[in-house]
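Note: hydrogens, waters and symmetry copies are ignored here, and every other heavy atom, side chains too, is used.
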Amino acid sequence: MTLTQLEIFSLVAELRGFTLAAHRLGISQSAVSHAMKALEQELGVELLRRHQSSVELSDIGEQLLLRARAMLGLANTLRQEAADARGMKSGTLRIGSFGPTSSIKLLPNILRRYREAHPGIEVHIDEGPDRQVTQWLEERRIDIGFVVLPEERFDTFALIEDQMVALLPVDHPLAARSGLSLKELCDAPFVLTEAGSSELVSRLFMAARLQPNIRYRCSQLLSTLDTVSRGDAITIVAEGSLSDDASPRYVKKPLLPVVQRQIGLAVLDQRQSSPATLAFIELATRMKY
C-alpha cells in the first residue's frame, strides 16, 4: 500500500469517476484503474463498485476512505513539518469557505497577507454551505474551514461577530419599524437561503416555537436578495453577508431581541494540523476586521 494509491482512491471517491481523477492527477485512466485494482487486491476487499459511467463506494470503501484521508493528512503534516524546518517554502493548504461573509469579507484579506508571508504554499479553496464545510472537515477533505460558532466537534478560533437582521421589501408594512421580532416575521411569505446561515435561521424559529411561512428556497444569497427586492418575500440573513451597497433594494432591520452570530475557523484536531494550517490560524486571529 502506498500513499499514491491512497491519494488516487480518495480522488476517485470524491469525483466518482476514474476519468475525472486521471485528468485531475495528470495520469492515464489505465494507471488509475491499475492503482485501484492493486489496492483492492492487497486489502482483499472491493472498495469501489464500477458502473458504466461512474463509480460508487462500497460500504467498506466508505469506512476505509476516512482512514485513507486521515493517513494522507498525517503524511501532509509530516511534509509540512519538514518544509517548516526549511522555512516553509512549500506545501498545500486546503480551505473550506461559505457565503459572502467568509468568501468575500474575510478570506481575501487573510489570503493576501498569507501569500505575502508564505508564497510557496499552494492554497486550495472549496466553497459551499456552512453545513458542507463542517462535513468536509469531518471527512478530512479540507485542512481548515470557516464555520458558524459554536462547533464543539472541532478545535475552533473566533474571528468576528455580527448580527442577524430581517430584510424586507422597501414598501413592506413593517419597513418603518426600528426592529422586528421573530413572531412578526411569521405571517408574510418567507424566503430561506440554503447557503450561509440557513440552519441558524431555522434553529431560531424552532427555539421560539414559531413557523415561518416559507414560500421560496434559494441556493444562493443573491437569489434571496432578488426575491426580497421584487417584493415577493421577506427573510433573515447575517448582516456580515450583505454588501456595502449605498442604495440597497431592500430594508434591513435588526431582530428583537438581538441575535448575534460568531464566525471562526475550525480544524479537526489542532495537534495534528500542519504548520501551514497553524500559520493560517495565527495570522487570521491576529488580524483586525
Side-chain angles (χ1 to χ4, degrees), residues 96-109 127-135 145-151 156 158-264 288-289:
S97 181
F98 74 91
T101 306
S102 59
S103 294
I104 297 176
K105 294 199 172 182
L106 294 178
L107 189 53
N109 288 334
E127 294 180 285
D130 51 353
R131 63 181 178 275
Q132 191 166 36
V133 172
T134 58
Q135 181 180 340
F146 288 88
V147 298
V148 177
L149 301 177
E151 268 292 354
T156 59
L159 295 180
I160 66 167
E161 192 172 82
D162 62 2
Q163 65 176 342
M164 306 301 292
V165 295
L167 299 186
L168 303 91
V170 292
D171 58 352
H172 194 278
L174 297 175
R177 300 285 296 276
S178 59
L180 295 167
S181 68
L182 289 176
K183 186 175 182 179
E184 291 173 304
L185 301 175
C186 287
D187 294 332
F190 195 93
V191 53
L192 184 66
T193 175
E194 299 295 337
S197 298
S198 61
E199 291 190 8
L200 176 56
V201 172
S202 298
R203 288 198 301 269
L204 287 176
F205 281 106
M206 189 177 300
R209 297 184 179 181
L210 296 171
Q211 179 64 49
N213 182 18
I214 298 177
R215 295 282 187 85
Y216 304 92
R217 293 179 184 271
C218 296
S219 60
Q220 299 295 331
L221 179 62
L222 288 178
S223 302
T224 300
L225 298 181
D226 188 56
T227 302
V228 174
S229 299
R230 290 197 310 266
D232 293 339
I234 64 175
T235 193
I236 295 175
V237 300
E239 188 172 30
S241 66
L242 300 174
S243 64
D244 299 324
D245 192 344
S247 55
R249 300 166 295 158
Y250 47 79
V251 175
K252 177 179 69 175
K253 299 295 178 179
L255 295 180
L256 299 175
V258 173
V259 178
Q260 299 288 346
R261 182 188 72 153
Q262 193 172 42
I263 300 295
K288 295 182 179 179
Y289 302 99

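- The nearest pair of heavy atoms linking Cys218 to Thr224 is CB-OG1, 3.4 Å.
- Looking only at side-chain heavy atoms (C-beta outward), Pro169 and Val228 come within less than 4.5 Å of each other.
- Atom OG1 of Thr101 sits about 10.5 Å away from atom CZ of Phe146, to the nearest 0.5 Å.
- A distance of 10.0 Å separates CD in Gln262 from CG in Asp162, rounded to the nearest 0.5 Å.
- For the atom pair CD of Glu199 and OG1 of Thr134, the computed distance is 7.0 Å after rounding to the nearest 0.5 Å.
- Note that CG of Leu242 is 6.5 Å distant from CG of Leu225, once rounded to the nearest 0.5 Å.
- Closest non-hydrogen pair, Gly240 versus Lys105, comes out as O-CD, 3.0 Å.
- Side-chain atoms of Ser241 never come within 3.5 Å of backbone atoms of Pro100 as a donor-acceptor pair (strictly under, hydrogens ignored).
- Nearest heavy atoms, Gly128 versus Phe98: O-CB, 3.0 Å.
- One finds the CD atom of Glu239 at 10.5 Å from the CE atom of Met164 (value rounded to the nearest 0.5 Å).
- Scanning both residues, Leu182 and Ala208, for their nearest heavy atoms gives CD1-CB, 4.1 Å.
- The shortest side-chain heavy-atom distance between Leu200 and Arg261 falls under the 4.5 Å cut-off.
- Two residues are said to be in side-chain contact when any heavy atoms from C-beta on lie closer than 4.5 Å; Ser229 and Tyr250 meet this criterion.
- Judged as a salt bridge (Lys or Arg N to Asp or Glu O under 4.0 Å), the pairs with a partner in residues 177-189 (not counting sequence neighbours) are, in order, Arg177-Glu184.
- Residues Ala166 and Leu180 come closest through the heavy atom pair CB-CD1, 4.1 Å.
- Taking both residues in full, the closest heavy atoms of Leu185 and Phe190 are given as O-CD1, 4.1 Å, listed atom of the first, atom of the second, then distance.
- Residue pairs meeting the salt bridge (Lys or Arg N to Asp or Glu O under 4.0 Å) criterion with at least one member in residues 215-231, sequence neighbours excluded: Glu194-Arg217, Asp226-Arg230, Asp226-Arg249, Arg230-Asp232.
- Atom CG of Leu210 is separated from atom CZ of Phe205 by 7.0 Å, given to the nearest 0.5 angstrom.
- Contact check for Val201 versus Thr193: no side-chain heavy atoms found under the 4.5 Å cut-off.
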task = With side chain to side chain contact (heavy atoms under 4.5 Å, CB included) as the test, would you mind laying out the steps for His172 and Ile234 before giving the verdict?
result = CA-CA 9 Å; His172 194 278; Ile234 64 175; 3.8 Å; yes
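- Checking each of Ile214, Leu192, Ile236 against Ser202 for a side chain to side chain contact (heavy atoms under 4.5 Å, CB included) leaves exactly one that passes, namely Leu192.
- The side-chain heavy atoms of Ile263 and Val148, taken from C-beta on, include a pair separated by under 4.5 Å.
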